[in-house]
Amino acid sequence: MSEKVKQLKARLAQAANLNLAAGVLGWDQQVNMPPGGAEARGEQVTTLSTIAHEIITAEETGTLLEAAETEVTGLDYNDDEASLVRVARRNYDKQTKIPTELVAEMSRVTTQAFGAWRQAREENNYPLFAPYLQKIVDLNIRIAEILGYAEHPYDALLDRFEPGITTAQVTHLFDDLKTGLVPLIRDIAERGKPVDDSFFHTDYNEGKQWDVTLALLRDIGYDFNRGRQDRAPHPFTTNFSCNDVRVTTRIQKNHPLSAIFSSVHEGGHALYEQGIPERFDRTPLSGGATLGLHESQSRLWENMLGRSRAFWQYLLPIMRAFFPENLTGVDLEQAYRAVNKVKPSLIRVEADEVTYNLHIFVRFELEQSLVKGDLKVTDVPAAWSAKYEEYLGITPPSDTEGCLQDIHWSYGTIGYFPTYTLGNIIAAQLYNKMKADLPDLEVGFARGEFLPLLTWMREHIHKHGSKFTAPELLQRELGEEIRAQPLLDYMHAKYTKVYEL
Ligand code: ZN
């Protein structure tokens, strides 16, 4: 390896180790820590991430980066060293452009905003949160100006989470989806054959639910020698190396599907991380490439696999063995329809596969208007209600069930909601290609054979780590741009049958 690249790699590995250690503390905070530990834990994490940030943004890193860039000139775009230097440069520029004073200000504002959001949500008191949202919007506008953009300030914010994709492209993709999904949802509501899912809302033994999720994770290929599952109120996946990738799930007595789909969803994220080559550990190429690509993995396992008829051919007998008293007389068709019930609802995280994307459109459109100055912070509740009425045909009875439901704005980050729907779009594209490559894929699902799916993913997506942006990776592996049609086709084909439209 070239000398300067080697030095750069060693330097960035130190910063990575500090951030990964902070990650262990974060995992512990959500899984094990008693509430009293929060303040001390916050300081520990801040210290570690501050030192990591200092290493990454130091002049010495910049000098090494320049020297390394000279060394890798002429190497292939996908060469490990060339990619490492290219991605390191992107990260370096983003991190050094934003002044420390602005980072500190954001940290102060979000600490207060989080408390205000929690109280505002509890009391259904939007005006309490509004001044903080105003500050967060203003700070994000400043960040956009500093980072720079071609057309829309939102471009700069989106680029932090999904590099290589512009607001205009996302708008185009979402318009395509909207045109197809809004009438489909209306048709389901007006003339769909009703779905009964009451048998999934009886008392399910919590210990047995836990056992089912473990069996499921094992069957989809999650490696417990390099991972573990725990319980957490808001399921997430975290990793400290490709050899230590942890998932969490949520168990609810009257809602076993919550545990099942949380584990499969997080399992999808985890399989991605476990599949990334060990040589990328502690480098800028470690981990999944972008938020959209990460979500394409979790969503493909959760929806395209986990909500397919073939998957329930495999899972229903297992469920019946664990819960004979809950599932007597429930046949495959009933179970399949129940896990695919579509119902417009107010809360995004509880939404079904079809309506989910509409929740994302609302946030994407409001965020854009906010940073462009077309929408005043005080007018958010009214704009929110109008969009829910337009897209989903329902109006939130309160802001608690409306614009105050999501914690995300109080974190200070604007620009990453679209990556959830981008994930769904990309998942459908990947699934199409995979089915063309492996015609018997779904026949295997019914027998619990998921290895071909995982092997395909390893070969086409996981092995690249963070080398490529989402558009680059799709062009390379599918020969396609990101496009909404495969997701629309999938939705139409599936739900016209489920609802006998
Ligand atoms: Zn996810």
Side-chain angles (χ1 to χ4, degrees), residues 22-23 25-27 29-30 33 35 37-39 41-43 45-46 49 98 101-144 153-154 156-158 160-162 232-236 238 248 250 291 295 346-351 359-373 375-385 387-388 396 398-421:
L25 295 180
W27 170 83
Q29 180 164 11
Q30 294 197 55
M33 196 188 75
E39 207 179 315
R41 183 56 48 90
E43 287 185 24
V45 170
T46 306
S49 31
I98 301 174
E101 155 266 320
L102 181 52
V103 177
E105 175 68 7
M106 183 62 100
S107 163
R108 253 193 312 278
V109 168
T110 52
T111 307
Q112 295 163 351
F114 177 69
W117 167 76
R118 214 167 36 186
Q119 201 189 337
R121 183 166 174 255
E122 239 171 67
E123 299 171 1
N124 185 36
N125 184 355
Y126 177 77
L128 193 71
F129 178 59
Y132 298 96
L133 182 58
Q134 184 66 59
K135 283 184 194 168
I136 285 167
V137 170
D138 293 343
L139 288 172
N140 273 277
I141 293 170
R142 268 184 72 195
I143 290 173
Y154 200 82
L157 303 177
L158 175 65
R160 302 172 81 192
F161 309 103
E162 203 58 57
H234 304 285
F236 65 98
T238 188
T248 53
R250 166 177 45 200
L291 289 187
E295 203 62 12
L346 296 166
I347 307 294
R348 174 181 62 91
V349 295
E350 291 163 12
H359 293 262
I360 300 302
F361 301 160
V362 173
R363 287 150 181 80
F364 173 59
E365 288 163 18
L366 295 184
E367 284 189 346
Q368 278 183 75
S369 306
L370 282 170
V371 296
K372 223 180 164 184
L375 173 66
K376 283 200 219 120
V377 163
T378 43
D379 295 336
V380 166
W384 182 285
S385 294
K387 288 208 184 286
Y388 266 78
S398 68
D399 292 335
T400 298
E401 290 159 278
C403 63
L404 289 173
Q405 67 181 263
D406 277 315
I407 193 172
H408 298 77
W409 284 341
S410 76
Y411 285 148
T413 35
I414 289 181
Y416 76 88
F417 271 118
T419 66
Y420 289 117
T421 288

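We're numbering straight along the sequence, starting at 1. These figures come from a predicted structure and were not determined experimentally.
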Gap separating the CD1 atom of I414 from the CZ atom of R160, nearest 0.5 angstrom
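Separation between the atoms: 10.0 Å.
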If you measure from CG on L366 to CG on L375, what distance do you get to the nearest 0.5 Å?
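Between atom CG of L366 and atom CG of L375 there are 6.0 Å.
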In chain order, what residues pass the side chain to side chain contact (heavy atoms under 4.5 Å, CB included) check against [X], with sequence neighbours excluded?
| X | result |
| --- | --- |
| E123 | Q119, N125, L128 |
| R348 | Y356, H359, I360, R363, Q405, D406, H408, F417, Y420 |
| P381 | Y126, D399, C403 |
| S385 | T395, P396 |

What heavy-atom pair brings L370 and I141 nearest, and what distance separates the two atoms?
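Between these two residues, the closest heavy atoms are O-CD1, 4.3 Å.
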Kindly write out the residues that satisfy salt bridge (charged side-chain N to carboxylate O under 4.0 Å, His left out) with E365, not counting sequence neighbours, or none if the list is empty.
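Once residues adjacent in sequence are excluded, the partners of E365 under the salt bridge (charged side-chain N to carboxylate O under 4.0 Å, His left out) criterion are K178, K387.
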With sequence neighbours excluded, tell me which residues meet salt bridge (charged side-chain N to carboxylate O under 4.0 Å, His left out) with E43.
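Expected list: none.
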If you look only at distance, which donor and acceptor atoms sit under 3.5 Å apart when one is on a side chain in residues 132-139 and the other is two or more places apart or in another chain?
unit_1 : atom_1 : unit_2 : atom_2 : d
Q134   : NE2    : D138   : OD1    : 3.2

Considering residues at least two apart in sequence or located in another chain, which fulfil the ring-ring contact (aromatic ring centres under 6.0 Å, His included) criterion with W384?
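If we apply the ring-ring contact (aromatic ring centres under 6.0 Å, His included) test to W384, skipping adjacent residues, the hits are Y388.
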Could you list the donor-acceptor pairs under 3.5 angstrom formed between side-chain atoms of residues 106-115 and any protein atom two or more places apart in sequence or on another chain?
unit_1 : atom_1 : unit_2 : atom_2 : d
R108   : NH2    : E105   : OE1    : 2.9
T110   : OG1    : M106   : O      : 2.9
T110   : OG1    : S107   : O      : 3.1
T111   : OG1    : S107   : O      : 2.7

Any heavy-atom pair between the side chains of [Y] and [X] that's under 4.5 Å?
| X | Y | result |
| --- | --- | --- |
| Q30 | T248 | no |
| T419 | E295 | no |
| P418 | F161 | no |

Can you name the residues that form a side-chain hydrogen bond (donor to acceptor under 3.5 Å, both in side chains) with [X], not counting sequence neighbours?
| X | result |
| --- | --- |
| S49 | none |
| E39 | none |
| E367 | Y154, W409 |

